[in-house]
Amino acid sequence: MFKALLKKQMMEIFSFIIVDRRKGKRRSTGAAIGFGLLFSFLLVYLGAMFYVTASTLCEAFVPNGLGWLYFAIMGLAAMLFGVFGSVFSTYSSMYAAKDNELLFSLPVKPQKVLFVRLSGVFVTGSIYELVVLIPTLIAYYVNGSPSAVSIALSLLVPVLLSFIVLGISCIFGWLVAAVGKHVRKKTAVTVVLSIAFFAGYYYFFSQSYRILQKIIETPDGISRVMQTYIYPLYKMGQGAVGSVSAMLIFALIACSFLAIVLYIVAKSYYLFIISSQSNAARSKANFSEKAITAGSQSSALFRKELRRFLSSANYIMNCGLGIIFIIAAAVALFIKGGSVMELLTKNIGLPVEAAAVLLTAACCTLSSMNTITAPSVSLEGKSIWLAQSLPADPRVVLNAKLKLQLVLTIPPLALLLIALLFTVKPPVMLAALIVLLVIEFGCFMAVLGLMLNLRSPNLNWTNEVVPIKQSMPVLLTILIPWGAIAAFIGLFFLTRSYLPGAVFLLIICIALGAIDLLLYRWIRTKGAERFSELG
Amino acid sequence: MLKIENLTKAYGPKKAVDELTLHILPGEIYGFIGHNGAGKTTTIKACSGILKPDSGHIFVDGISIEEQPIECKKKIAYIPDNPDLYEFMTGIQFLNFISDIFGIDSETRKTRIEEYAGLFELKNDLTQPISSYSHGMKQKLAIISALIHDPKLVIMDEPFVGLDPKASHTLKEIMRDICNAGGAIFFSTHVLEVAEKLCDKVAIIKNGRLIRSGTMDEVRGDDSLEEVFLELEDENV
């Protein structure tokens, strides 16, 4: 039975390759292979980006006898990426899966159910971690001339580091459950904890930069500094380049850490599940007259989308995080705008126009972190019959989904644009084009996500994490804009010798506006037709 | 009220519904029975505008659901066999949402919510999130939301599953009231005793094809509906 449960969990994660979730049917072998290859390509694409960094660091550190530092830095990056990839879905995977009742009614110990749930978290975290570590190992084997012992020991790094990733994610999920047990607004708790995690994450990042600076300034004290700040990774680095004893210490730390975390989580697991189930039985009360207020159809649909968004910490943290980043960037730009311009124009030597284009690209990158529409159709799940059977035009239903993303993204973007214009002080024409482009890009994110989700929806999920985090529409809604932004920057630098910045931006604005309109038209015609036939 | 003409719907090579024709008149409670996988849900979904037929036509109160789906849906109430509702809403938020979609004014919705929530004893639970509801409570909420716009045609898929005896009784009374007011009910069920007592007419479907339909007396003759149903099932094996 345990094997069957594990198989179920893995199928939940990877079934999108084999099963066409839009049709609810198995793909043909060719289509499944094609889909698998596409997914692999995306991972390889991300890995290739990490390989460039790994290769540079490897060439700089390994020949100077600092191979352990190379592994420590890349290990830290892999760990953070792995935690980042799995942490926001840990709580819902562990404690709030839709099939909890079913699994707990089966003759299986709660600890085994926990283990099955954690296998999903482990696999998700490991995929993210390996996207960094595989290029790290390849770069080391290619550039570092490692010994046989070093190769053997370095192969243990992904395994042991994944234990730490799983442990950290578990602590987070457990914390949310522990706090949520006593608090009614679980979503708010999760969001606050997630933001606190983010703040800690970025604080750590800023500190790691400081540590690196310290290392460069005081090369003699590297070991001491590393031992003070990240002792386990220091030992991991030493182990990866051939020290058996260091690898043993790291293995001991990683295994003990995971064992302690699992012991604490397992001890309270069933209790937390039971309390989350019984939270339903709360005091009954008659509804107030104020609860009944009439509104228009479109505003009802918009409020429905907003309620769904605000009710799910997963949805907020995975698809709406850009809102916080955009506001933070606007505040940062208001405060440090002068320094940013100095860096771009004086230190790097860019003309103001180029600096403005780069900052515009940065705005778009932040905007691309909002992918609210990308899982919005899938999130209808089994309740899609409601939207389909009610007398609401599918175009109005889809418009509500678009509106949610625009309402949550455009006002923060407007604030960021004010900060940008305040910082760069571009000529009026350039300023108008920057504003137009950033707003168009915000719209592009909304229509792209919705179009991709309409083309490939998944209504048969048991855990909302699947459509929010582990779906092709969401992944593509992140990657396609990244590619577009990279192309935008590349094209600007390629053409800037003969094409004035304002003309370049005008061309991009026209092209992006046309793409937005085409995608919007598709949503209102074929997309609406598809939506009404889903399920 | 509901006219189904030569409805056909296939899933791959299998025809779920094959050339089905049924007419449901105002004032009729029409039962739809058949074995599992006979094509009942497919027919009901097509009548509710959720599923597009491969061929054939469906008219609600004379309006084609293919040509004017929104107009048809304004007259219909659909209750599925497994009511998956918006779990992120409370009961009252959900009813308010449905009322907004149907454009019901504040006073009317207030009166109807009070009335139906009282009848189904759900009034004190409406402030709770739907995620905390039992299957029966969700079924009651789905029924209230379906009745809130005073539909002319109520289409239900196994409506009595999960309801307690009192709620079942209430629903049967409401069904009769709707028909007395000139509306119509079309519902599927496996409980043949309920169909026998409640329905004016009944249709039996097997492997997507209509094998018998008519008034209750025409269909069962001197036997019970159960005997007729089992006989027809065996005959067509």
Side-chain angles (χ1 to χ4, degrees), chain A residues 23-25 96 98 184 187 276-312 315 379-394 396-397 459 464 529 532-535, chain B residues 11-12 45 48-52 69-80 82-111 113-114 117 123-134 142 145-146 149 155:
Chain A
K23 294 175 184 163
K25 287 180 183 168
K98 267 192 169 181
R184 196 165 176 178
T187 304
S276 78
Q277 301 282 321
S278 60
N279 273 351
R282 289 209 179 88
S283 61
K284 294 182 172 191
N286 204 346
F287 58 89
S288 70
E289 299 243 320
K290 279 182 197 164
I292 305 174
T293 47
S296 70
Q297 197 179 71
S298 58
S299 71
L301 288 164
F302 173 73
R303 280 201 306 275
K304 183 207 93 180
E305 294 298 329
L306 183 62
R307 279 201 180 105
R308 189 200 300 282
F309 181 72
L310 295 177
S311 71
S312 165
Y315 199 5
L379 282 172
E380 295 282 344
K382 291 192 167 60
S383 62
I384 189 131
W385 68 273
L386 273 164
Q388 291 172 329
S389 66
L390 291 173
D393 191 318
V396 182
V397 177
L459 303 170
E464 64 173 14
E529 205 176 303
S532 59
E533 289 170 9
L534 290 175
Chain B
Y11 297 111
K45 282 187 172 177
S48 311
I50 293 177
L51 211 62
K52 206 172 168 184
I70 304 293
E71 284 311 306
C72 283
K73 287 173 187 176
K74 281 180 185 169
K75 295 171 187 283
I76 297 175
Y78 166 61
I79 302 166
N82 199 357
D84 287 294
L85 308 175
Y86 296 135
E87 305 231 329
F88 51 88
M89 289 185 182
T90 63
I92 192 68
Q93 284 171 345
F94 180 70
L95 293 178
N96 220 22
F97 166 75
I98 297 290
S99 303
D100 280 343
I101 298 293
F102 280 98
I104 302 165
D105 64 76
S106 293
E107 277 311 307
T108 312
R109 74 175 67 176
K110 215 175 280 179
T111 315
I113 290 172
E114 287 276 354
K123 227 166 157 181
N124 291 336
D125 296 296
L126 288 181
T127 52
Q128 300 297 321
I130 295 173
S131 57
S132 69
Y133 283 18
S134 67
S145 71
H149 68 284
I155 301 170

Of the backbone (N, CA, C, O) and the side chain (C-beta and beyond), which part of A:Ile384 lies under 4.5 Å from a heavy atom of chain B, both, or neither?
neither
To the nearest 0.5 Å, tell me how far B:Glu87 CD sits from A:Ser312 OG.
13.0 Å
Using non-hydrogen atoms only, which part of B:Ser106 is less than 4.5 Å away from chain A: side chain, backbone, both, or neither?
both
Decide yes or no on side chain to side chain contact (heavy atoms under 4.5 Å, CB included) for A:Arg308 and B:Tyr86, but give the supporting numbers first.
CA-CA 8 Å; A:Arg308 189 200 300 282; B:Tyr86 296 135; 4.1 Å; yes
Against chain A, work out which of B:Leu85, B:Ile76, B:Asp105 has the most heavy-atom pairs shorter than 4.5 Å and name it.
B:Leu85
A:Trp385 to B:Asp84 - nearest heavy-atom pair and separation:
NE1-O, 2.9 Å
Is it the backbone or the side chain of A:Ser389 that comes under 4.5 Å from a heavy atom of chain B, or both, or neither?
both
Could you tell me which of B:Glu71, B:Lys52, B:His149, B:Lys75 has the largest number of non-hydrogen atom pairs under 4.5 Å with chain A?
B:Lys52
With sequence neighbours excluded, what pairs up with A:Asp393 under the side-chain hydrogen bond (donor to acceptor under 3.5 Å, both in side chains) test?
A:Arg395
Min side-chain heavy-atom separation A:Pro391-B:Ile101 under 4.5 Å:
yes
To check you understand the geometry: which heavy-atom pair defines the closest contact between A:Lys304 and B:Phe88, and what is its length?
O-CE1, 3.4 Å
Measure the spacing between CG of B:Asn82 and OG of A:Ser383 and express it to the nearest 0.5 Å.
11.5 Å
Tell me, for B:Ile98 versus chain A, whether the close heavy atoms (under 4.5 Å) come from the side chain, the backbone, both or neither.
side chain
Who pairs with B:Ser145 by side-chain hydrogen bond (donor to acceptor under 3.5 Å, both in side chains), at least two apart in sequence or on another chain?
none
So which part of A:Ser311 gets closer than 4.5 Å to some heavy atom of chain B, the side chain, the backbone, both or neither?
side chain
Any donor and acceptor pair, going by atom type alone, linking the side chain of B:Asp100 with main-chain N or O of A:Ala300 inside 3.5 Å?
no
Closest non-hydrogen atom pair between B:Lys73 and A:Leu390, with its separation
CD-O, 3.3 Å
Sort B:Lys74 into side chain, backbone, both or neither according to what part of it lies under 4.5 angstrom from a heavy atom of chain A.
both
Can you find a pair of side-chain heavy atoms, one from B:Phe94 and one from A:Leu386, that are under 4.5 Å apart?
yes
Region of B:Leu51 that comes under 4.5 Å of a non-hydrogen atom in chain A
neither
